[in-house]
Amino acid sequence: MKSILDNRPALKAVIDDVAEVTGYLWQKGWAERNGGNITVNITEYVDSEIASLPALAPARQIGKVLPALKGKYFYAKGTGKRMRDLARWPMKNGAIIRICDDCASYEIIADEPVMPTSELPSHLALQNYLLETGSTYKATLHTHPIELVAMSHIERFLRPGEMTRVLWSMIPETLAFAPLGIGIVPYKLPGSVELADATLEQIKEHDVVLWEKHGTVAVGTDIMDAFDQTDVLCKAANIYMCARSMGSEPDGMTEEAMREVQEVFHLPKKRPC
Ligand code: 2HA
Ligand code: ZN
């Protein structure tokens, strides 16, 4: 069967990366059944042939008006599709969508009429923000990382800055590679516009946001970057839980040791928030 990826190696490489990452999500146990979703802005790969592709299904509403997305193109995981299936067949478990001129609806143009992710309002609101602010980030990743979700069930970690402070103090790499920490969004209905709005507020200060008792949303230059951001924080959460399961609250790196890492590696001196 013909695919939009045929004879387009650069676009195919982007989709191959998505497929590689979704395999990792499944292996890590972060992607039960159809859990999680992904969008990637692929507008830079759109040629005149892609631009003239007809819609495969009637246009559908996003649920928000997103002016910076006019005429932009995204790869989006399909709703109800499994990450582990997407790893093998990305164009059967996801689709390329085009945002219509009203900036409030989208149409599916390739390869098949696979309906995009249920969290589309959140993902596209983030993509709109990234474009509005001139960011080079192209990818959004929502997944269900076990240890981070587990921590979000404990009231203490929902207090401003507490989760970031503890995760940063687990190993120096967390501070170095997740220097913006993790934002917290109080529980909201999955797929809702309220969830999208609250996520947007937190992503202004962080690259990864934790949805209480649900999962994470990360933004990154590409899907590997969004995955790495999530993985680094989840590794720190895992270390925290391993220490706790040995019977005590871990000491964590001292404030002084953390300040030294920030200085030597020229990291932004952000307070946990
Ligand atoms: O796509 O994870 O939040 C399934 C979900 C919704
Ligand atoms: Zn989810």
Side-chain angles (χ1 to χ4, degrees), residues 15 18-41 57 60-64 66 74-97 106 108 112-129 139-153 157-158 163 182-203 206-220 223 226-227 229-231 233-234 237:
I15 306 301
V18 172
E20 186 175 330
V21 163
T22 59
Y24 300 153
L25 299 177
W26 166 249
Q27 287 159 15
K28 283 184 157 291
W30 297 358
E32 72 293 340
R33 200 173 178 272
N34 63 320
N37 24 69
I38 286 174
T39 63
V40 183
N41 182 343
R60 291 177 64 98
Q61 294 296 310
I62 299 167
K64 293 180 81 68
L66 301 167
F74 297 91
Y75 172 83
K77 174 185 172 274
T79 187
K81 301 295 186 190
R82 298 182 180 92
M83 292 289 187
R84 65 177 192 263
D85 290 341
L86 197 156
R88 290 181 292 169
W89 304 293
M91 297 308 291
K92 287 200 175 300
N93 294 278
I96 306 289
I97 62 170
Y106 67 89
I108 305 168
E112 298 174 30
V114 176
M115 290 290 304
T117 159
S118 58
E119 302 288 3
L120 201 65
S122 282
H123 286 264
L124 291 184
L126 294 177
Q127 295 281 5
N128 186 69
Y129 171 74
T140 61
L141 166 65
H142 163 55
T143 187
H144 301 162
I146 301 164
E147 293 86 349
L148 289 171
V149 177
M151 285 177 81
S152 81
H153 282 264
F157 292 117
L158 304 175
M163 176 95 83
I182 190 162
I184 307 286
V185 168
Y187 183 82
K188 301 210 169 13
L189 186 71
S192 63
V193 171
E194 291 71 28
L195 183 58
D197 290 343
T199 307
L200 190 55
E201 276 317 299
Q202 286 297 317
I203 217 75
H206 307 92
D207 283 338
V208 183
V209 170
L210 182 61
W211 289 347
E212 180 186 339
K213 303 182 184 109
H214 181 166
T216 50
V217 176
V219 291
I223 194 65
F227 171 76
Q229 288 280 329
T230 314
D231 193 29
L233 289 162
C234 196

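Numbering of ligands and ligand atoms starts at 1, following listing order.
K188 has no carboxylate O lying under 4.0 Å from a charged side-chain N of D197, or vice versa, which leaves the two without a salt bridge.
At the top of the distance list for atom 2 (O) of ligand 1, counting protein heavy atoms only, stands G36 N, 2.9 Å. Of all protein heavy atoms, the one closest to atom 6 (C) of ligand 1 is E119 OE2, 3.2 Å. Here the heavy atom of the protein found nearest to atom 1 (O) of ligand 1 is N37 ND2, 2.8 Å.
Rounded to the nearest 0.5 Å, atoms OG (S192) and CD (E119) are 7.5 Å apart. Distance CG/N34 to CE/M83: 9.0 Å, rounded to 0.5 Å.
For ligand 1 and N34, the ligand atoms under 4.0 Å from any heavy atom of the residue are 1 (O), 4 (C). Against a heavy-atom cut-off of under 4.0 Å, H214 is close to the following atoms of ligand 1: 3 (O).
Geometry about the Zn ion (ligand 2) gives an angle of 100° between NE2 of H214 and NE2 of H142, rounded in steps of 10 degrees.
H142 and T216 get closest at one heavy-atom pair: ND1-O, 2.9 Å. Nearest heavy atoms, I108 versus A95: CG2-CB, 3.7 Å.
Of the polar atoms of K77, none of the N or O atoms is found under 3.5 Å from an N or O of ligand 1, judged by distance alone. Here's the thing with H144: one of its N/O atoms is less than 3.5 angstrom from an N/O atom of ligand 1.
In summary, the side chains of S118 and T79 do not present any donor paired with an acceptor at a separation below 3.5 Å, with no hydrogens or angles considered.
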